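In this text, all values refer to a predicted model and were calculated from it rather than measured experimentally. Only this structure's heavy atoms are used, side chains among them; waters, hydrogens and symmetry mates stay out.
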Amino acid sequence: MNSMVKKDNRGVGTAMALVSILTLVWIIGSIVLMVYSGKTGKIWLLLICLGQFFLIMGIVAMFAVLRSTQKDLWIDLIFIAAGIGCLYYGFMAKFADGFKYSKMVDFIPTLMGIVFLCVGCLILMVEATNRNDLRKSCTYEVIGRCVGRDLRGGGRRLAYSPVYEVEYDGVYYTLNKNVFSRIDIPNENEERKLFVDRADLEKKRNEEGERKIDRYIDEGPDAANFKLTLTIWGLIALAGVGIIIVRMFVG
């Protein structure tokens with residue numbers, strides 16, 4: 001039995017090493033081709049190299065998110081859309097006639113405005129919907145004690161993600177959703193009023209090891225992050241509107 005496990009581990013290790021080598025060759029090859037296309041003025045090749053790079057990275061990231069407990073795929077989808085767009089323009093630059101290609105190039109600013117507007121509005125709607133759904137499901141009040149704070153960034157950009165411990169019916173749970181903020185972060189051992197979905201507590205009750213929950217409401221940091229999201233993606237949507245208006249009246 002042990003020999004079979006060792007063989008399986010060796011097989012997995014060999015496969016991972018091969019994938020790592022192929023990935024490294026692909027990244028280096030893509031960079032070399034991009035530098036070459038820039039030096040030689042082959043814009044079509046540069047667009048194709050960028051397109052396939054964005055597309056593959058977006059797909060890999062999307063599968064990684066789907067395998068985790070996260071649900072937000074928007075950033076990955078933006079990379080995939082950018083990759084498809086670059087590939088399309090690259091192939092059209094190579095194979096389409098000059099008139100069609102020039103029309104496509106003239107349309108790029110308007111297309112960017114439309115993309116900014118659509119992406120900004122979609123993400124705002126998704127964030128608002130997710131926040132509303134969380135408030136509907138997480139209604140059970142618990143007292144969480146901050147037992148640690150995960151860090152991201154450094155200096156003035158340092159942000160924290162609090163880790164809470166809560167007790168429910170004699171069972172202890174860890175609450176951590178890896179959402180980083182610099183506003184209203186608790187100190188260690190500070191207690192906070194949190195809201196969770198009681199069904200999540202019941203579901204995790206009989207699990208062995210760390211009972212971890214990543215769906216809960218921590219009102220201070222959640223409100224700050226929601227306002228930041230509204231500001232960023234609202235500005236992106238407004239930028240899209242501005243680009244479209246300029247193109248309509250200026251040309």
Legend entry - Over 12 foreign heavy atoms within 6.0 Å of CZ, Phe226: yes
Pairing residues for [X] by the salt bridge (charged side-chain N to carboxylate O under 4.0 Å, His left out) criterion, not counting sequence neighbours:
X	value
Glu190	Arg192
Arg211	none
Glu202	Arg205
Glu167	none

Legend entry - SB check Arg145 Glu165 (cutoff 4.0 Å): yes
Legend entry - Residues forming a side-chain contact (heavy atoms from CB on, under 4.5 Å) with Leu124, sequence neighbours excluded: Leu230, Trp233
Inset, instruction - Please list, chain by chain and in numerical order, all residues satisfying side-chain hydrogen bond (donor to acceptor under 3.5 Å, both in side chains) with Thr229, sequence neighbours excluded. - result: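 By the side-chain hydrogen bond (donor to acceptor under 3.5 Å, both in side chains) rule, Thr229 matches no residue at all.
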Inset, instruction - Identify, with sequence neighbours excluded, every residue that meets side-chain hydrogen bond (donor to acceptor under 3.5 Å, both in side chains) alongside Asn187. - result: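 None.
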About how many Å separate [atom2] of [Y] and [atom1] of [X], when rounded to the nearest 0.5 Å?
X	Y	atom1	atom2	value
Ile243	Thr110	CD1	OG1	9.0 Å
Glu127	Ile232	CD	CD1	10.5 Å
Leu33	Ser37	CG	OG	7.0 Å
Leu134	Thr129	CG	OG1	12.5 Å
Phe180	Ile185	CZ	CD1	10.0 Å
Asp197	Ser137	CG	OG	5.0 Å

Tell me, do [X] and [Y] make a side-chain contact under 4.5 Å, heavy atoms counted?
X	Y	answer
Lys42	Leu46	no
Asp214	Asn178	no
Asp218	Pro162	yes
Ser30	Trp26	yes
Thr139	Phe195	no

Legend entry - side-chain contact (heavy atoms from CB on, under 4.5 Å) assessment of Ile84 paired with Leu55: CA-CA 7 Å; Ile84 293 173; Leu55 182 61; 4.0 Å; yes
Treat each ILVMFWY residue as a node, draw an edge where side-chain heavy atoms are under 4.5 Å apart, and state whether [X] and [Y] are in one component.
X	Y	value
Leu228	Leu238	no
Val115	Leu235	no
Tyr88	Leu47	yes

Inset, instruction - Give the C-alpha distance, both sets of side-chain angles, the deciding distance and a yes or no for side-chain contact (heavy atoms from CB on, under 4.5 Å) between Ile244 and Ile114. - result: CA-CA 7 Å; Ile244 294 172; Ile114 294 172; 4.0 Å; yes
If I compare all heavy atoms of [X] with all of [Y], which pair ends up nearest, and what's the gap?
X	Y	result
Cys86	Phe54	SG-CD1, 4.5 Å
Asn176	Lys212	O-CE, 3.7 Å
Cys49	Met34	CB-CG, 3.5 Å

Legend entry - Near-ring test Phe95/Trp44, centroid separation under 6.0 angstrom: no
Among Ile, Leu, Val, Met, Phe, Trp and Tyr joined by side-chain contacts under 4.5 Å, find the other residues sharing a cluster with [X] and list them by chain and number.
X	result
Val147	Val163
Leu175	Tyr140, Val142, Tyr164, Val166, Tyr168, Val171, Tyr173, Leu194, Val196, Leu201, Ile213, Tyr216
Ile28	Leu24, Val32

Inset, instruction - With sequence neighbours excluded, give me every side-chain hydrogen bond (donor to acceptor under 3.5 Å, both in side chains) pair touching residues 115-126. - result: none
Inset, instruction - Could you list all the salt bridge (Lys or Arg N to Asp or Glu O under 4.0 Å) pairs where at least one residue sits in residues 170-180, not counting sequence neighbours? - result: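 Listed once each, the pairs are Lys177-Asp222.
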Inset, instruction - Kindly indicate, with the supporting measurements, whether the criterion side chain to side chain donor-acceptor pair (under 3.5 Å) is fulfilled by Arg149 and Ser161. - result: CA-CA 5 Å; Arg149 300 190 301 180; Ser161 176; over 6 Å; no
